[in-house]
Undergrad: 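Mind having a look at this structure? Questions to follow.
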Protein chains: 2
Amino acid sequence: MPVAYAASEKRAELVRAATELLYRQGLQHTTLAEVAEAAQVPLGNVYYYFKTKEALAEAVIASHEQSLRLQFAAWAEAHGDPRKRLRRLVLAPLDMADGIVEYGCPHGSLCQELAKLVPGAPLAKAASRLLGTYVDWAAEQFRALECGPRESRALAGDLVAAIQGTMLLAHAMRSKDLLGHQLRRIERSIEDSLVRRSPRRHA
Amino acid sequence: MPVAYAASEKRAELVRAATELLYRQGLQHTTLAEVAEAAQVPLGNVYYYFKTKEALAEAVIASHEQSLRLQFAAWAEAHGDPRKRLRRLVLAPLDMADGIVEYGCPHGSLCQELAKLVPGAPLAKAASRLLGTYVDWAAEQFRALECGPRESRALAGDLVAAIQGTMLLAHAMRSKDLLGHQLRRIERSIEDSLVRRSPRRHA
DNA sequence: GTCTATAAATTGATAGAC
DNA sequence: GTCTATCAATTTATAGAC
């Protein structure tokens, strides 16, 4: 193995460990010593790959964004019908229901924590981009149906807000049932609203 | 002034200061030294009123609950029609739009932070109760209309989730417009769903 | 590039005078 | 009840050997 490869591997391992710990504990509760231990890297070595704790957090967010884009691409590949793509978005939390009940949404909870920093901070902007990725993609799907640009943005905002709010509630109340029931209600409400404006459904 | 009064006043002042700081910075980012300074109380004195930082946080949550109950009572007093009460719930964030865009929902963001603790922790349970207060009250209003018990719980969950999700999005994206537009869409969607099941509207 | 040791700063909590 | 001084632990970050 080339040295450069091993180095990248360690860096990637740090990001992996940090992603997991930030999800379960949040940024503030997570120490670099914990990340280093989980990644099996000495503490001092962390600073070789990331200048500060903040830089590591930025890498974690970038990794989340990358995963999201891959996920969206996979759904687009799997379903030609934008309605089915949106359906996947709504029901995706069910695939990790236990984690969401215990730790919340990996993206939503991180955004909530990071948004409370000064607006100019790099981490605050990164958090904004992360949720924005959801809204943008959802809006694209509505756009591919019969919705105008403004209506698509509004519907996408409604949808992402409903999903995020549901995960927050399910997390705070520690209720897997609530998560399942409410996501399915969102799924139904979105189909209702699309039925009205998309006759193709009966074509 | 009796000593007991002055003592209670200082305690109350600490809770007030902590409430404000927890809203703007979250629990982890807020130090007891900051709270003490904002309340104009020496640091060491804080521990006379609250045994630990956690105890202070519990007092803050209890204060939030109390405020919520007062708010709900005021709305119930002002409007005999449950529909109008729910309308107040949905649009209430607009009265503090600037704060929500900058710091998020005072209750939602606190719940998100505290829910990530071990489930058994007193603070985690307190956070759950806080959001539960919203859902319970909303469910009562639906119940007072023509909704059955299960449907009322479901509608209340949808509503609170939509409101919370909207505030999260508006906070993360720092958009006051998004907050206003989406809350009004929630208002409309709830009226639509109630129209269908509450003929009294046309009586 | 890797790792140990440690500096520097922060912060929750306590001791003890008044 | 009130307040100063300080402890003890934690944690970000760096120095410097290898």
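Chain naming here is simple, since letters A, B, ... match the order of the sequence lines and numbering starts at 1 in each. Atoms considered below: every heavy atom in the structure, side chains included; atoms not considered: hydrogens, waters and symmetry mates.
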Undergrad: What stem regions, each of at least 3 consecutive Watson-Crick or G-U pairs below 3.5 Å, can be found for DNA chain C?
TA: C:1-18 with D:1-18
Undergrad: Would you mind reading off the distance between B:Q40 atom CD and D:dT2 atom C1', rounded to a whole angstrom?
TA: 15 Å
Undergrad: Let me know the distance between CG of A:L14 and C1' of C:dG1, rounded to the nearest Å.
TA: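 Result: 14 Å.
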Undergrad: Checking A:H171 against B:Q112: is there a side-chain donor and acceptor pair closer than 3.5 Å?
TA: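 No, A:H171 and B:Q112 have no side-chain donor paired with an acceptor closer than 3.5 Å.
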Undergrad: Side-chain N or O of B:Y48 less than 4.0 angstrom from OP1 or OP2 on D:dG1?
TA: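 True: B:Y48 side-chain N/O within range (under 4.0 Å) of D:dG1 OP1/OP2.
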Undergrad: What string of B, S and - do you get for nucleotides 11-18 of chain D, 5' to 3', when a contact is any protein heavy atom under 4.0 Å?
TA: SBBB----
Undergrad: Do you know which two heavy atoms are closest between A:L178 and A:T166, and how far apart they sit?
TA: CD2-O, 4.2 Å
Undergrad: Could you give the CG-to-P distance, from B:N45 to C:dG12, as a whole number of Å?
TA: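 Nearest whole value for this atom pair: 16 Å.
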Undergrad: Is any NZ, NE, NH1 or NH2 atom of the basic residue among A:R87 and A:E187 found under 4.0 Å from an Asp or Glu carboxylate oxygen of the other?
TA: yes
Undergrad: Once you round it to whole Å, what is the distance between C1' of D:dC3 and CD of B:E37?
TA: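 These atoms are roughly 16 Å apart.
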Undergrad: Is the backbone of A:C147 close enough, under 3.5 Å, to the side chain of A:R143 for a donor and an acceptor to pair up by distance?
TA: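 Checked: pair present.
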Undergrad: Measuring from the side chain of B:Y49 (C-beta onward, heavy atoms only), which nucleotide among D:dT4, D:dT2, C:dT2 has the closest atom?
TA: D:dT2
Undergrad: State whether B:E20 and B:R16 are salt-bridged, where the test is any N-O pair (Lys NZ or Arg NE/NH1/NH2 against Asp/Glu carboxylate O) under 4.0 Å.
TA: no
Undergrad: Evaluate the ring planes of B:Y134 and B:F72, with Trp represented by its six-membered ring, and classify them as parallel (under 30°), tilted (30 to 60°) or perpendicular (over 60°).
TA: perpendicular
Undergrad: Do any N or O atoms from the side chain of A:K53 and from the backbone of A:L27 form a donor-acceptor pair under 3.5 angstrom?
TA: yes
Undergrad: Inspect the contact between A:D136 and A:R153 and indicate whether a charged nitrogen and a carboxylate oxygen are less than 4.0 angstrom apart.
TA: yes
